[in-house]
**Student:** 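Have a look at this one.
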Amino acid sequence: MSTMDTKYGVAAIMNYSKQCTQYEYDNQGQQHCVEYGMLPNNIVKDTRCYKRIKDGDVVYWNPRGCIGTTNWVETYMDGKRYGDRFYY
């Protein structure tokens with residue numbers, strides 16, 4: 001019998017980019033993007049974005065240049081990673 005497990009945590013978002021979030025295939029089997037979204041494309045896993053603001057200006061942030069924090073989850077089957085890490 002297989003065992004399932006999860007790991008989860010936070011990640012600092014360094015930037016976003018417009019990426020395809022849904023694909024469809026045409027009659028010739030060619031893949032086409034049908035929906036775009038803004039997704040994090042550079043993150044620092046297990047790190048929370050921390051900013052200190054004074055008089056409307058960021059005076060300190062760690063990691064430098066971060067823009068926010070997201071959560072992530074990974075699934076494992078029998079101790080091996082199963083699927084992609086999911087950010088939410």
Side-chain angles (χ1 to χ4, degrees):
M1 178 179 273
S2 294
T3 59
M4 297 292 292
D5 194 17
T6 59
K7 293 181 182 177
Y8 55 91
V10 296
I13 301 169
M14 301 307 291
N15 57 35
Y16 283 94
S17 67
K18 184 177 177 182
Q19 299 177 37
C20 187
T21 57
Q22 184 175 345
Y23 294 93
E24 288 184 1
Y25 291 89
D26 63 22
N27 294 340
Q28 290 78 40
Q30 296 292 317
Q31 185 178 20
H32 300 279
C33 185
V34 295
E35 188 173 316
Y36 289 90
M38 295 300 288
L39 299 174
N41 64 342
N42 185 9
I43 60 104
V44 180
K45 188 178 166 196
D46 298 325
T47 301
R48 187 175 298 277
C49 179
Y50 174 75
K51 294 181 188 180
R52 188 177 312 144
I53 299 174
K54 182 176 181 182
D55 299 326
D57 294 322
V58 177
V59 294
Y60 172 83
W61 65 72
N62 187 46
R64 185 159 183 77
C66 66
I67 59 175
T69 301
T70 190
N71 297 293
W72 59 265
V73 63
E74 297 171 340
T75 55
Y76 292 81
M77 182 183 290
D78 299 327
K80 295 180 183 171
R81 180 108 164 254
Y82 184 74
D84 296 328
R85 183 179 303 130
F86 179 75
Y87 295 97
Y88 61 96

**Student:** Can you see which heavy atom on G37 is nearest to which on T21, and at what distance?
**Tutor:**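 That would be N-CG2, 3.8 Å.
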
**Student:** With sequence neighbours left out, write down each residue that passes side chain to side chain donor-acceptor pair (under 3.5 Å) with D5, or none if nothing qualifies.
**Tutor:**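 Listed in chain order: nothing, the list is empty.
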
**Student:** Show me the pairs that pass side chain to side chain donor-acceptor pair (under 3.5 Å) and involve residues 28-39, at least two apart or across chains.
**Tutor:**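 Matches after skipping sequence neighbours: D26-H32.
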
**Student:** Examine distances only and state if a side-chain atom of T70 and a backbone atom of Y88 form a donor-acceptor pair shorter than 3.5 Å.
**Tutor:**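 Checking the backbone N and O of Y88 against the side chain of T70, a donor-acceptor pair under 3.5 Å is found.
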
**Student:** Other than Y25, what residues sit in its cluster of Ile, Leu, Val, Met, Phe, Trp and Tyr side chains whose heavy atoms are under 4.5 Å apart, directly or through others?
**Tutor:**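 None; Y25 is a cluster of one.
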
**Student:** Per the salt bridge (Lys or Arg N to Asp or Glu O under 4.0 Å) rule, what does the pair list look like for residues 47-67, sequence neighbours excluded?
**Tutor:**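 Listed by first then second residue: nothing to list.
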
**Student:** Got a sec, which residues hit ring pair (Phe, Tyr, Trp, His ring centres under 6.0 Å) with Y50, two or more places apart in sequence or on another chain?
**Tutor:**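 Result, ring pair (Phe, Tyr, Trp, His ring centres under 6.0 Å) vs Y50: Y60.
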
**Student:** Could you go through I67 and Y16, starting from their C-alpha distance and side-chain angles, then the distance that decides it, and tell me whether this counts as side chain to side chain contact (heavy atoms under 4.5 Å, CB included)?
**Tutor:** CA-CA 9 Å; I67 59 175; Y16 283 94; 3.4 Å; yes

**Student:** Please give the remaining members of the hydrophobic cluster of M4, linking ILVMFWY side chains under 4.5 Å, ordered by chain and number.
**Tutor:**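 Grouped by the 4.5 Å side-chain rule, M77, Y82 form the rest of the cluster around M4.
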
**Student:** Taking only residues at least two apart or on different chains, which pairs with a member in residues 73-85 satisfy salt bridge (Lys or Arg N to Asp or Glu O under 4.0 Å)?
**Tutor:**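 Pairs touching residues 73-85 that pass the test: K45-E74, E74-R81, E74-R85.
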
**Student:** Tell me, yes or no, whether the heavy-atom count around Y8 atom OH, taken from other residues, nucleotides or ligands under 6.0 Å, exceeds 12.
**Tutor:**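 No.
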
**Student:** Verify the cluster assignment for W72 and I43: are they in a single hydrophobic cluster under the rule of side-chain heavy atoms below 4.5 Å apart?
**Tutor:**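 Both belong to a single hydrophobic cluster.
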
**Student:** Other than V10, which residues form its hydrophobic cluster under the rule that side-chain heavy atoms must be closer than 4.5 Å?
**Tutor:**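 Members besides V10: none; it forms no cluster.
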
**Student:** Listing request: all disulfide (SG to SG under 2.5 Å) pairs with a residue in residues 35-88, at least two apart in sequence or in separate chains.
**Tutor:**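 Non-adjacent pairs meeting disulfide (SG to SG under 2.5 Å): C49-C66.
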
